[in-house]
> 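My questions all concern the structure below.
The shown structure was predicted, so the numbers you read here are calculated from the model rather than taken from an experiment.
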Amino acid sequence: MTHHLVLGAGGVGRSTTAALVEVGHTVTLASRSGRVSERPWHDSHPDAVEVVAVDAGDAAALTALARGAASIVNAVNPPSYMSWDTDWPPVAAATLAAAESSGAGLVIIGNLYGYGEVEAPMHEDDPMRPTGHKGRIRADMWTEALVRHEAGRLRVTELRSSDYFGPGTTPRTSYLNDVVIDALLAGRPPVVPAGRADAPHSWTYVPDVGRLAARVASGDDGWGRAWHVPTAPARTFDEAAADVARLAGVTHRRVRVLPRPLGTAAGLVVPFMRELRETRHQFERPFVLDSDLTQRTFDLAPTPWDEALATTIAARRSAKTAPAGAAA
């Protein structure tokens, strides 16, 4: 049994914490507020997790928390999608400093932005060719971490996922949850702000991110390279919507996509829509994550699509019917 520091109490941070606790480890779970909305580990392992408040950009505070930890899992989600330029650099610097000072391995929860505007399925060894500022930020984070790993200053890995779905995701972070599932459960057609409803797209189940993070964080064989989180075969928006309707027992309504000129015009007045322009290529062409190498290396398969989707639907229904202010 070892101890781990997980930064970020969103869906990925909580899933990682639960997966670590399930196999006998203890965790310090740190977030800006020091509060956790859901604690799936509490009934079976009430004393295995300490929840604390910390500024993830404070290197001294992170170093103090990481002393004696086998790993630091950076599952931080900046508070605003519009301010990555200012939010990410101090967090990246602080986690690197804490890993170097404490000797804890650093597990970075990454994404696919660094690959740029790809045409074929993405593999872990593909080069970083970012085409926007968000992709450059994430690619630079990984490059600096890998340089320090190769210099023997720390141990690091990055786990890359496609768009998240699953129970417990942070609001407005999941197209599948917030746009497709919630709309169909409410009897409305899903409306997506950009892209094509018929383009194959990979969707990563949040608990699968946590399982891989726990496996790598507590092992000796995942360091020094990036891994793709085990992810089910790609599904288009239309296919995903049909699957949701079938599993939820609701009317299937076709996905509507805002015309690109309308989305571009909206970006002139809505900052969030403007930020999405950099990444809308992910929904305008096939955007497929290949996770075969990870699955073979760690003997980890993705949760079956129907099982993951049914669990997510049940969680979204439960959240909609829970009394206001009820604790999860």
Side-chain angles (χ1 to χ4, degrees), residues 3-17 20 27-37 49-111 113-114 128 130 132-149 151 153-161 164 169-173 209-210 213 216-217 223 226 271-272 275 278-279:
H3 187 72
H4 301 265
L5 172 60
V6 176
L7 304 175
V12 172
R14 294 195 307 273
S15 292
T16 300
T17 298
L20 284 164
V27 176
T28 296
L29 177 58
S31 69
R32 288 185 297 270
S33 67
R35 297 190 297 271
V36 180
S37 60
V49 180
E50 178 187 18
V51 179
V52 301
V54 74
D55 175 358
D58 185 335
L62 294 191
T63 298
L65 286 175
R67 289 194 184 103
S71 78
I72 302 168
V73 180
N74 179 6
V76 169
N77 187 32
S80 173
Y81 194 67
M82 281 77 77
S83 57
W84 278 26
D85 307 73
T86 55
D87 290 343
W88 265 126
V91 173
T95 51
L96 288 173
E100 281 197 49
S101 297
S102 67
L106 177 59
V107 180
I108 302 171
I109 304 299
N111 59 31
Y113 290 4
M128 294 282 98
H133 72 284
K134 283 183 169 56
R136 284 191 290 272
I137 289 169
R138 295 307 312 234
D140 288 347
M141 285 174 60
W142 171 240
T143 299
E144 174 61 21
L146 190 57
V147 165
R148 297 194 190 198
H149 174 94
R153 296 167 62 182
L154 51 72
R155 293 171 300 140
V156 70
T157 184
E158 181 167 274
L159 312 184
R160 298 172 185 159
S161 309
Y164 294 143
T169 59
T170 305
R172 297 179 299 280
T173 60
V209 185
V216 174
W223 307 103
F272 181 75
E275 291 295 317
E278 176 186 333
T279 58

> Hey, what do you get for CG (N111) to OH (Y164), rounding to the nearest 0.5 Å?
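N111 atom CG to Y164 atom OH measures 7.5 Å (nearest 0.5 Å).
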> Would you mind reporting whether L62 and L7 have side-chain heavy atoms less than 4.5 Å apart?
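Yes. Closest side-chain heavy atoms under 4.5 Å.
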> Out of curiosity, Y113 OH to H133 NE2, how far, rounded to the nearest 0.5 Å?
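Result: 10.0 Å between the selected atoms.
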> Which distance, rounded to the nearest 0.5 Å, do you find between the CD of E50 and the OG1 of T17?
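The distance works out to 12.0 Å.
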> Counting C-beta onward and ignoring hydrogens, is there a side-chain heavy-atom pair between R138 and W84 closer than 4.5 Å?
yes
> Does the side chain of V209 come within less than 4.5 Å of L159's, by heavy atoms?
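They are not in side-chain contact.
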> I need the minimum non-hydrogen distance between A145 and V156, along with the two atoms involved.
O-CG1, 3.6 Å
> If I take atom CG from residue L20 and atom OG from residue S71, how far apart are they, to the nearest 0.5 angstrom?
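It is 6.5 Å, given to the nearest 0.5 Å.
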> Would you be so kind as to tabulate the donor-acceptor pairs closer than 3.5 Å made by side chains of residues 103-110, with sequence neighbours excluded?
none

> Atom OG1 of T157 and atom NE2 of H149: how far apart are they, to the nearest 0.5 Å?
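Going from the OG1 atom of T157 to the NE2 atom of H149 covers 9.0 Å.
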> Who pairs with H3 by side-chain hydrogen bond (donor to acceptor under 3.5 Å, both in side chains), at least two apart in sequence or on another chain?
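H3: side-chain hydrogen bond (donor to acceptor under 3.5 Å, both in side chains) contacts with T26, T28.
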> Show the nearest heavy-atom pair for residues T16 and A213, with the distance to one decimal.
OG1-CB, 3.6 Å
> With sequence neighbours excluded, what pairs up with T95 under the side-chain hydrogen bond (donor to acceptor under 3.5 Å, both in side chains) test?
none
> Kindly write out the residues that satisfy side-chain contact (heavy atoms from CB on, under 4.5 Å) with D87, not counting sequence neighbours, or none if the list is empty.
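Partners of D87 under the side-chain contact (heavy atoms from CB on, under 4.5 Å) test: P78, P79, S83.
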> Tell me the closest heavy-atom pair linking G13 and L29, and the distance in Å.
O-CD1, 4.2 Å
> Please find the pair of heavy atoms, one from E100 and one from R148, that lie closest to each other, and give the distance.
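The pair with the smallest heavy-atom distance is OE2-NH1, 2.6 Å.
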> Ignoring hydrogens, what is the shortest heavy-atom contact between W88 and V76? Give both atom names and the distance.
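Taking every non-hydrogen atom into account, CH2-O, 3.5 Å.
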> Apply side-chain contact (heavy atoms from CB on, under 4.5 Å) to the pair V73 and H4, showing each step before the final yes or no.
CA-CA 8 Å; V73 180; H4 301 265; 5.6 Å; no
> Under the side-chain contact (heavy atoms from CB on, under 4.5 Å) test, which residues partner T63, sequence neighbours left out?
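For T63, the residues satisfying side-chain contact (heavy atoms from CB on, under 4.5 Å) (neighbours in sequence not counted) are R67, A98, S101.
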> Which atoms form the tightest heavy-atom contact between A9 and V36, and what is the distance?
CB-CG2, 4.1 Å
> Using the side-chain hydrogen bond (donor to acceptor under 3.5 Å, both in side chains) criterion, which residues pair with S31? Sequence neighbours excluded.
none
